[in-house]
2 protein chains.
Amino acid sequence: MPRIPSAEEADFLRRYSIHDFDVPLTTVDLVIFTLRQERLQVLLVRRSDHPYKGEWALPGGFIDVRQDVDLEATARRKLQEKTGVVTPYLEQLQAFGGPQRDPRGWSVTLAYYALLSADSLQHTNTEGADDSDWLDLEGEGVPYELAFDHAQILRCAVQRLRSKVAYSSLLVHLVPVEFTLSELQRVHEQVLNRSIDKSAFRKRIRDGDFLEEVPGKMRHGSNRPAQLYRLRPELGTHYYPRLLGGREPNPVA
Amino acid sequence: MPRIPSAEEADFLRRYSIHDFDVPLTTVDLVIFTLRQERLQVLLVRRSDHPYKGEWALPGGFIDVRQDVDLEATARRKLQEKTGVVTPYLEQLQAFGGPQRDPRGWSVTLAYYALLSADSLQHTNTEGADDSDWLDLEGEGVPYELAFDHAQILRCAVQRLRSKVAYSSLLVHLVPVEFTLSELQRVHEQVLNRSIDKSAFRKRIRDGDFLEEVPGKMRHGSNRPAQLYRLRPELGTHYYPRLLGGREPNPVA
DNA sequence: TGAATAGTGTCTGTTAGACATTATGCA
DNA sequence: TGCATAATGTCTAACAGACACTATTCA
């Protein structure tokens with residue numbers, strides 16, 4: 001429903017130019033998580049241009065005012081350029097802004113975070129590329145200096161991920177489309193860095209009611225086969241009324 | 001710790017001008033809540049300039065790249081201009097961006113929401129001013145058209161407030177510095193729009209352990225006097241491990 | 001048969017909420 | 001004394017987690 005401006009407002013708009021003002025620089029940055037070899041990893045790139053040329057940074061870039069229909073579109077576009085993945089879990093993290101964070105001047109970045117399953121990356125070329133790489137998370141960050149305030153953004157994203165995992169079904173997005181409950185539980189234990197009681201975990205999943213069995217499909221190994229599950233279609237993230245292990249954090253495994 | 005750019009980067013920065021690029025317009029908007037006459041209210045202003053001149057909008061404005069040290073500083077500055085309040089509860093809500101939301105072009109707004117107690121407003125002049133007013137919330141919004149996408153932002157803020165109230169101590173900021181537990185409970189019931197069991201509410205507050213009695217001070221009426229409480233100093237927002245009324249929503253009072 | 005993991009069952013302590021009861025001021 | 005609200009107590013159903021047990025495959 002396009003709104004019709006008044007003649008007076010139309011005149012105002014005709015004369016308006018954003019270049020008459022001191023405006024902040026605006027970018028979108030991405031914290032892209034995946035889980036490989038049982039480790040939580042984040043995608044970083046080596047900057048190809050000034051400022052911070054050659055240093056590790058979060059992938060990101062400028063809004064394309066000609067093609068992006070909203071902020072999330074910018075984020076999705078950047079994410080697809082870097083990973084090839086088109087339908088990840090993507091959520092706005094937070095905006096960061098200030099005069100110092102970018103040497104070009106007062107800047108704002110809209111930070112997003114994304115969750116990708118390792119198998120969605122199988123056929124993309126981020127593997128060992130010269131200009132980008134998956135790095136293991138250690139604690140709330142990565143043992144390198146990052147450009148701009150990206151270390152702070154990354155820390156913020158890790159905290160958000162950890163806290164949201166404790167009351168939602170988020171982590172199904174770090175796992176292939178079909179998975180066993182034990183696999184999903186291990187992912188939770190990885191990310192939260194503590195062991196979870198199997199019985200409690202499975203009851204919680206059952207109550208959440210956002211998974212369905214893949215009929216007749218099992219994961220086989222040298223043990224009892226495990227039922228494969230998948231996300232129930234057309235369902236958003238499930239939110240639990242209480243935190244996982246809200247009371248007494250189990251001793252770390 | 002100011003970083004020293006290389007000579008090459010310094011040269012790049014010297015030539016850099018943001019005016020060489022198509023950049024989005026960036027603003028900060030505020031959803032300012034208070035509670036008066038037992039009603040949740042939001043501060044709206046009549047726009048004094050194009051676009052949307054004369055229509056209701058959320059208070060907000062441009063980042064002042066000369067004085068604002070970060071995004072929150074912009075928000076606090078705007079909030080103080082409108083309400084005179086300097087230390088409210090203030091939290092970033094979400095960023096909204098797109099080519100259509102402002103007729104001047106692709107724009108981004110950093111939305112914040114604030115909670116003010118009615119008594120912190122007592123001596124400010126927002127009361128019945130011609131260009132701004134407190135409006136009762138109805139449902140998730142206000143029964144007026146708002147400029148830009150401000151109706152959507154307001155709805156988002158109300159949802160965030162309601163959901164956060166259910167697992168945190170947020171609402172102490174809508175109440176005077178000294179208050180009774182019954183008053184605090186009524187505020188919760190107002191905002192959540194359902195009745196809460198007194199015993200459960202008080203146990204929850206006690207467990208949270210973020211309030212202290214004001215020694216010897218009571219609220220008197222034609223009934224048993226009530227102990228006054230205040231926020232324990234130096235404490236941030238308390239987060240509960242479970243939702244208030246997570247299971248079965250009580251019948252609405 | 002043993003190793004390994006899947007999957008289920010039982011028990012217990014904790015807790016939120018329903019509801020009832022007592023407490024204390026004022027008119 | 002009665003009214004209004006404060007404040008606390010009791011009971012119960014639900015539930016998370018601890019732990020143990022059974023199930024099922026492969027080697």
Side-chain angles (χ1 to χ4, degrees), chain A residues 38 165-169 175 178-189 192 194-209 211-214 216-229 238-253, chain B residues 38 165-169 175 178-189 192 194-209 211-214 216-229 238-253:
Chain A
E38 310 256 295
V165 161
Y167 63 89
S168 78
S169 63
V175 118
E178 298 184 352
F179 52 89
T180 69
L181 293 185
S182 296
E183 286 162 3
L184 186 59
Q185 180 176 345
R186 266 194 298 278
V187 173
H188 279 77
E189 292 173 332
L192 293 176
R194 34 170 269 257
S195 68
I196 300 167
D197 179 80
K198 179 161 61 163
S199 172
F201 182 78
R202 290 163 107 96
K203 251 183 284 183
R204 189 175 168 87
I205 295 291
R206 211 175 315 121
D207 291 348
D209 198 34
L211 297 185
E212 62 184 15
E213 302 184 356
V214 186
K217 289 188 89 174
M218 312 290 271
R219 173 92 70 232
H220 291 271
S222 60
N223 49 25
R224 174 171 172 177
Q227 176 64 53
L228 286 177
Y229 289 81
H238 178 79
Y239 295 97
Y240 292 96
R242 35 210 304 184
L243 296 181
L244 178 58
R247 195 124 344 272
E248 31 194 335
N250 287 345
V252 181
Chain B
E38 310 256 294
V165 161
Y167 62 87
S168 78
S169 63
V175 118
E178 298 184 351
F179 53 88
T180 69
L181 293 185
S182 297
E183 286 162 2
L184 186 60
Q185 180 175 344
R186 267 194 297 278
V187 174
H188 279 78
E189 291 174 332
L192 293 175
R194 35 170 270 258
S195 68
I196 300 166
D197 179 80
K198 180 160 63 162
S199 172
F201 182 78
R202 290 164 107 98
K203 251 183 283 184
R204 188 175 169 88
I205 296 291
R206 212 174 314 120
D207 291 350
D209 198 34
L211 297 185
E212 61 184 15
E213 303 183 357
V214 185
K217 289 188 90 173
M218 311 290 272
R219 172 93 67 232
H220 290 269
S222 58
N223 48 26
R224 175 171 172 178
Q227 177 65 52
L228 286 177
Y229 288 82
H238 178 80
Y239 295 96
Y240 292 96
R242 34 209 305 185
L243 297 181
L244 177 59
R247 193 125 348 274
E248 31 194 334
N250 286 347
V252 182

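As a basis for the values below, the full set of heavy atoms in this structure was taken, side chains included, without hydrogen atoms, waters or symmetry mates. Below, chains carry the letters A, B, ... as their sequence lines are ordered, and counting in each starts from 1.
Here the C1' atom of nucleotide D:dC15 and the CG atom of A:L244 are 14 Å apart, to the nearest Å. If you measure from atom CG of A:L184 to atom C1' of C:dA6, you get 15 Å, rounded to the nearest angstrom. In this entry the distance linking CE of A:M218 with C1' of D:dT24 reads 9 Å, nearest Å. Summarising the geometry, the separation between CZ on B:F201 and C1' on C:dA18 is reported as 17 Å, rounded to the nearest angstrom. We find that OH of B:Y240 is positioned 13 Å from P of C:dT15, with the value rounded to whole Å. Residue B:R204 contributes atom CZ, which lies 19 Å from atom P of D:dA7 at whole-angstrom precision. The CD1-C1' distance, from A:I205 to C:dG7, rounds to 14 Å in whole Å. For B:K217 and D:dA6, the NZ to P distance is 18 Å, given to the nearest whole Å.
Residues satisfying the side chain to side chain donor-acceptor pair (under 3.5 Å) criterion with A:E212, sequence neighbours excluded, are A:R230. Shown here are the side chain to side chain donor-acceptor pair (under 3.5 Å) partners of A:R224, two or more places apart in sequence or in another chain: there are none. With sequence neighbours excluded, the residues that form a side chain to side chain donor-acceptor pair (under 3.5 Å) with B:D209 are B:R232. Scanning for side-chain contact (heavy atoms from CB on, under 4.5 Å) contacts around A:R204 gives A:Y240, A:L244, with sequence neighbours left out.
Nucleic acid contact for A:R202: base, since at least one base atom lies under 4.0 Å from a heavy atom of the residue. Heavy atoms of B:A226 sit under 4.0 angstrom from primed sugar atoms or phosphate atoms, though from no base atom.
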Next on the checklist: Apply salt bridge (charged side-chain N to carboxylate O under 4.0 Å, His left out) to residues A:E178 and A:K217 and explain how you reach the verdict.
Outcome noted: CA-CA 9 Å; A:E178 298 184 352; A:K217 289 188 89 174; 3.0 Å; yes
Next on the checklist: Run the side chain to side chain contact (heavy atoms under 4.5 Å, CB included) test on B:Y239 and A:L243 for me, step by step, so that the C-alpha distance in whole Å, both residues' side-chain angles and the decisive distance to 0.1 Å come before the verdict.
Outcome noted: CA-CA 11 Å; B:Y239 295 96; A:L243 296 181; over 6 Å; no
Item to check | Intermediate values then yes/no, side chain to side chain contact (heavy atoms under 4.5 Å, CB included), A:Y229 and A:L181 | outcome: CA-CA 7 Å; A:Y229 289 81; A:L181 293 185; 3.5 Å; yes
Between N or O atoms, less than 3.5 Å apart, protein on one side and nucleotides 9-13 of chain D on the other: list the pairs.
| from | atom 1 | to | atom 2 | distance (Å) |
| --- | --- | --- | --- | --- |
| D:dG9 | O6 | B:S199 | OG | 2.9 |

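Between A:I196 atom CD1 and A:R202 atom CZ the span is 12.5 Å, to the nearest 0.5 Å.
Under 4.0 Å is where a charged nitrogen must lie from a carboxylate oxygen, and between B:E183 and B:R219 at least one such pair does.
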Checklist outcome for this item: Whether each nucleotide of nucleotides 21-27 of chain C has a protein heavy atom under 4.0 Å at its base (B), only at its sugar-phosphate (S) or at neither (-) is summarised, 5' to 3', as --BBBS-
